[in-house]
Amino acid sequence: MKLTTWNVNSLRVRLPQLLTLLETQRPDIVALQETKLTDDVFPVEVFSERGYQVAFSGQKTYNGVALLSRQVPAGLQIGVPGLDDPQRRVIAATVDGVRVICLYVPNGQAVGSEKYDYKLSWLSAVRVWLQQELATHARVAVVGDFNIAPEDRDVHSPERWAGQVLVSAPEREAFQALLDLGLKDAFRLFEQPERVFSWWNYGALAFARNWGLRIDHILVSETLARECRSCTVDLEPRRHERPSDHAPVVAEFGERGEAAG
DNA sequence: ATGGCTTACAACGTAAGA
């Protein structure tokens, strides 16, 4: 089973690239962030024609999340239960026996700003909900754009970024609090090359220089971690013309002894 | 990157992203 998460930064613009990804990567489940589409214009047929079920929660201009899956999604959840938030940042469903929770964590803008406070309180509400999800599901994947680089090795220049939004201590503590629920960073289950990132600023040759951050993640419950066979960043879409500023992150799962994929 | 892009918007500059 292959699970991919990707912040597309406008599904309308990135749709051709996403269809290429579906053909070449053949994922079973795809979690999308920043679709920037209202639900009435979500391209349902484009995906159903290619064998994917869709679930989505969007709004105009900003945010928006979606799940694509080969199998029919069950137990669909839009938003964080009990959290009154007009921003469409959360969608969850059970597919292939895995509770897949897709998050688009607020950016936070700048340390100390109103949006930064919103980010931290949002993460706190998500943590409370995830605790319940982990208590009721053995196989859980919490995936998406977390807008947090968990460690200095996830930052191209820790000195330059020190204390900034995306790497600040309170954000990293909030990320660690999610791991403390019993989640593992799938990427770190495996030996990885140095300087692997999932986001690079547009322009300034940032991608060519690999001036990036690893802020997109796949977190897995301990049961699911035992089934995880690989977790990688797919750099290919970032090389395309008109790329998203984020690269997809891909994890493969299989039974013990089964080949990945 | 202290942003040097990119996206959306009844838009032609502004807000927001990360």
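Because the structure is a prediction, the values reported are computed rather than measured. In what follows, chains are A, B, ... by sequence order, proteins preceding strands, each numbered from 1.
At the heavy-atom level, I215(A) lies under 4.0 Å from the strands shown only through sugar-phosphate atoms. As judged by a 4.0 angstrom heavy-atom cut-off over every strand, N7(A) is placed among residues touching the sugar-phosphate backbone only. Note on E34(A): only backbone sugar-phosphate atoms sit closer than 4.0 angstrom, heavy atoms only; bases stay farther off. Using a 4.0 Å heavy-atom distance criterion, Y104(A) is classed as a sugar-phosphate-only contact.
Look at CD on E241(A): it is 11 Å from P on dT6(B), rounded to the nearest Å. Note: CZ (R209(A)) to P (dC5(B)) measures 11 Å, nearest angstrom.
Counting heavy atoms of neighbouring residues, nucleotides and ligands inside a 6.0 Å radius, atom CG of D40(A) exceeds 12 of them.
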Scan the side chains in residues 174-190 of chain A for donor-acceptor partners under 3.5 Å anywhere in the protein, sequence neighbours excluded, and list what turns up.
residue: Q176(A); atom: NE2; partner: D180(A); partner atom: OD1; Å: 2.8
residue: D185(A); atom: OD1; partner: F187(A); partner atom: N; Å: 3.1
residue: D185(A); atom: OD2; partner: R214(A); partner atom: NH1; Å: 3.4
residue: D185(A); atom: OD2; partner: R214(A); partner atom: NH2; Å: 2.8
residue: R188(A); atom: NH2; partner: D154(A); partner atom: OD1; Å: 2.7

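Annotation: ring pair (Phe, Tyr, Trp, His ring centres under 6.0 Å) contacts of W6(A) (sequence neighbours excluded): none. Partners of Y52(A) according to the ring pair (Phe, Tyr, Trp, His ring centres under 6.0 Å) rule, which considers only residues two or more places apart in sequence or in another chain, do not exist here. With sequence neighbours excluded, the residues satisfying ring pair (Phe, Tyr, Trp, His ring centres under 6.0 Å) with F42(A) are F47(A), F56(A).
Ring geometry for H156(A) versus W211(A): interplanar angle under 30°, hence parallel rather than tilted (30 to 60°).
The phosphate of dT6(B) has neither OP1 nor OP2 within less than 4.0 Å of any side-chain N or O from R14(A).
The salt bridge (Lys or Arg N to Asp or Glu O under 4.0 Å) pairs that include a residue from residues 87-106 of chain A are R99(A)-E133(A), where partners are two or more places apart or lie in different chains. The salt bridge (Lys or Arg N to Asp or Glu O under 4.0 Å) pairs that include a residue from residues 135-147 of chain A are R139(A)-E227(A), where partners are two or more places apart or lie in different chains. Applying the salt bridge (Lys or Arg N to Asp or Glu O under 4.0 Å) test to pairs two or more places apart or on separate chains, none has a residue in residues 50-77 of chain A.
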N/O-N/O pairs, protein side and nucleotides 8-12 of chain B side, under 3.5 Å:
residue: dA8(B); atom: OP1; partner: S10(A); partner atom: OG; Å: 2.6
residue: dA8(B); atom: O3'; partner: T61(A); partner atom: OG1; Å: 3.4

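Proximity of residues 114-121 of chain A to DNA chain B (heavy atom under 4.0 angstrom from any strand atom) is restricted to K115(A).
The same atom, C1', is picked in dC5(B) and in dA10(B); the two are 25 Å apart, to the nearest Å. Spacing of C1' atoms, dA11(B) relative to dA16(B), comes out at 15 Å, to the nearest Å.
Both R89(A) and P243(A) lie close to DNA chain B; mapped to their nearest nucleotides by heavy-atom distance, the more 5′-ward contact belongs to P243(A).
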